[in-house]
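In what follows, a structure is listed as C-alpha cells, so that the remarks can point back to it.
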Amino acid sequence: MPELPEVETYGRYFARHALKRRIERVDVRDERILGETRKDAFVRRLRGRTFTRVRRHGKHLFIDAEGVWLHLHFGMTGDLAFYRDVRKEPRFARVVFDFDDGSHLAFEDMRLFGVVDLIDDPDAFIAAHRLGRDPLDSKFGADDFRELVRKRRGAIKAQLMSQALVAGLGNLYVDETLYETGINPKRSVEKLKDAEVRAVFETMRKIVRKPDRRLPREQGERCPKCGGTIKRAVVAGRTTYFCAQHQK
DNA sequence: TTCCATGTTCCGCA
DNA sequence: TTGCGGAACATGGA
C-alpha cells in the first residue's frame, strides 16, 4: 500500500533492521522485479557489501551500498520483511538478502509492479525521471508550490497525482487531501484561487506527515465532515471518492 | 466469472 | 505542448 507515508515507514524499517550488516548472499527469486538490471550484475555488485544509509524521494527508496545504490520502488503491492526464521519468509518474496548474522531482508511484491535495481546516483535518477519536489522537504514551501501549480492546467487531482509536480502522492492521499481541503477533484487548477492552492499545500503536508484516512471509499456513504453523500467517479483515470456537498 | 486494485509508462487523439 | 483516456504490465481477492 505504498504512497509517500508508507514508503517513509519502509525506509525507517530498512534503516532500523538492515544497515551495518554484511550482505552474505543475494537471492533473486524472480528476475522480472529487476527490470533492465541483469541478475548476475545485481548479485555481484551487492554481495559482500554493507548497506550504510537510506534516502527517500517521493515513493522511491535509495540505499547506499558502498559505491552503488540499491533502488526500491514498491509499485502497488511491494513491502519489506526482516526476519531471522526462514519460515517467516513472505510468500511473494522476489529478492532476499541474507546477512552474515543470520538475519534476512526480503522485498516482497505480489503483483510485480515494483522495482528493485541498482543505480549510481540518486540525484541523477531523480533528475532523469523528472521527479518533482518531495512534500516532506523542509525547503519546499507554499510559494514554491503555487509557482509550480501556476505553470499547469487541468484537474487538480491529475496535478497532485503527477510525480513531476510533487513526488509521492498517489490516488488515496490525493483524494484525502482534496477532501480535507474541500476542493472538488475535477476543479481545474486555473480556477483555483491562490488561497486555495496554499490550502491544498498545507493539507497535503499535514496528510503525508500524519496520514489520517477519513474519506470513506464507498459510494453513497455519509461524509464524516458534513453529512453529505460520498460519490464515486473516475478522475485522471483513477477511481475517485469525494463528498458531493462540501467539495466545491 | 467478472470486476477491481494505494503505480507507472506508453500510445494515440484532441 | 499539454492533458487525458485506455491499455498494458501481473496477480489475487471479493
Side-chain angles (χ1 to χ4, degrees), chain A residues 1-11 13 28-37 56-62 71-80 90-95 106-117 119 125-132 134-136 148-180 184-192 204 207-221 230-242:
Chain A
M1 35 173 157
E3 296 183 38
L4 189 155
E6 291 77 30
V7 177
E8 174 72 15
T9 302
Y10 297 165
Y13 182 85
V28 178
R29 302 284 167 78
D30 193 318
E31 289 188 46
R32 290 173 295 177
I33 202 73
L34 297 182
E36 303 291 296
T37 301
R56 182 193 55 74
H57 188 94
K59 301 173 194 173
H60 299 261
L61 233 45
F62 307 101
H71 165 235
L72 304 180
H73 190 278
F74 296 87
M76 299 266 270
T77 52
D79 201 353
L80 295 173
R91 180 173 165 201
F92 297 103
R94 307 303 188 181
V95 176
F107 182 95
E108 60 171 314
D109 185 7
M110 179 182 83
R111 285 172 69 185
L112 285 164
F113 287 175
V115 175
V116 177
D117 61 4
I119 62 167
F125 179 93
I126 290 163
H129 290 261
R130 306 264 186 276
L131 296 179
D134 188 285
L136 289 183
L148 292 170
V149 168
R150 288 303 176 219
K151 293 177 191 161
R152 300 291 197 119
R153 285 177 294 148
I156 178 65
K157 168 147 184 173
Q159 294 309 320
L160 292 177
M161 293 281 292
S162 164
Q163 303 298 298
L165 180 72
V166 165
L169 297 191
N171 198 29
L172 259 58
Y173 291 121
V174 167
D175 280 2
E176 292 290 336
T177 297
L178 295 173
Y179 173 77
E180 290 298 330
N184 188 299
K186 297 190 205 90
R187 277 273 294 286
S188 59
V189 291
E190 306 96 290
K191 292 184 179 167
L192 292 179
M204 168 184 81
I207 285 189
V208 294
R209 281 212 188 93
K210 193 171 178 301
D212 290 332
R213 293 268 308 272
R214 300 185 62 204
L215 166 64
R217 295 190 78 73
E218 191 160 359
Q219 170 124 280
E221 285 285 297
I230 300 300
K231 297 272 192 200
R232 180 186 197 273
V234 174
V235 183
R238 306 300 303 272
T239 300
T240 301
Y241 293 91
F242 65 101

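For clarity, every value in this text was computed on a predicted model and none was experimentally measured. A note on names: the letters A, B, ... follow the listed sequences, proteins ahead of strands, and every chain is numbered from 1.
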| task | Write down the distance separating the P atoms in B:dT8 and C:dT1, rounded off to the nearest Å. | result | 24 Å
| note | Heavy-atom contacts, protein to nucleotides 8-14 of chain C, under 4.0 Å, summarised as B (base), S (sugar-phosphate only) or - (none) per nt, yield -BBBS--
| remark: With B for base contact, S for sugar-phosphate-only contact and - for none (protein heavy atoms under 4.0 Å), nucleotides 8-14 of chain B reads B------
| field | 4.5 Å side-chain heavy-atom contact, A:Val234 and A:Thr240 | value | no
| field | Selected nucleotide, minimal atom distance to A:Thr239 side chain, candidates B:dT6, B:dA5, C:dG3 | value | B:dA5
| field | Considering all heavy atoms, the nearest A:Pro2-A:Tyr10 contact | value | CB-CE1, 4.0 Å
| query | Does a side-chain N-to-carboxylate-O contact under 4.0 Å join A:Glu8 and A:Arg56? | reply | yes
| Nucleotide B:dG7, atom P - distance to CG of A:Asn171 in whole Å | 6 Å
| query | Under the 3.5 angstrom rule, does the side chain of A:Arg209 hit a backbone N or O of A:Pro5 as a donor-acceptor pair? | reply | no
| message | Between A:Asp109 and A:Arg111, does any NZ, NE, NH1 or NH2 come within less than 4.0 Å of an OD or OE carboxylate oxygen? | response | no
| field | Whole-Å C1' distance, C:dG3 and B:dT6 | value | 23 Å
| task | Have a look at A:Arg213 and say if it touches a base, only the backbone sugar-phosphate, or nothing, with a 4.0 Å heavy-atom cut-off. | result | nothing
| request: Measure from CG on A:Leu160 to C1' on B:dG7 and round the result to the nearest Å. | output: 16 Å
| message | Applying side chain to side chain contact (heavy atoms under 4.5 Å, CB included), can you list everything that pairs with A:Arg32, at least two apart in sequence or on another chain? | response | A:Asp30, A:Leu112
| field | Near-ring test A:Phe107/A:Phe74, centroid separation under 6.0 angstrom | value | yes
| When you check the phosphate oxygens OP1 and OP2 of B:dG7, does a side-chain N or O of A:Thr77 lie under 4.0 Å from one of them? | no
| Ion pair A:Glu180/A:Arg214, N-O distance below 4.0 Å | yes
| request: Would you indicate what A:Gln159 reaches in the nucleic acid, counting non-hydrogen atoms under 4.0 angstrom: base, sugar-phosphate, or nothing? | output: sugar-phosphate
| remark: All stems that DNA chain C takes part in, i.e. 3 or more consecutive Watson-Crick or G-U pairs with distances under 3.5 Å, are B:2-5 with C:11-14, B:7-14 with C:2-9
| task | Could you list the residues that satisfy side chain to side chain contact (heavy atoms under 4.5 Å, CB included) with A:Met161, not counting sequence neighbours? | result | A:Lys157, A:Asn171, A:Val174, A:Arg238
| Partners passing side chain to side chain contact (heavy atoms under 4.5 Å, CB included) against A:Phe62 (at least two apart in sequence or in another chain) | A:Arg55, A:His57, A:His60, A:Trp69, A:His71, A:Ile119, A:Pro122, A:Phe125, A:Ile126
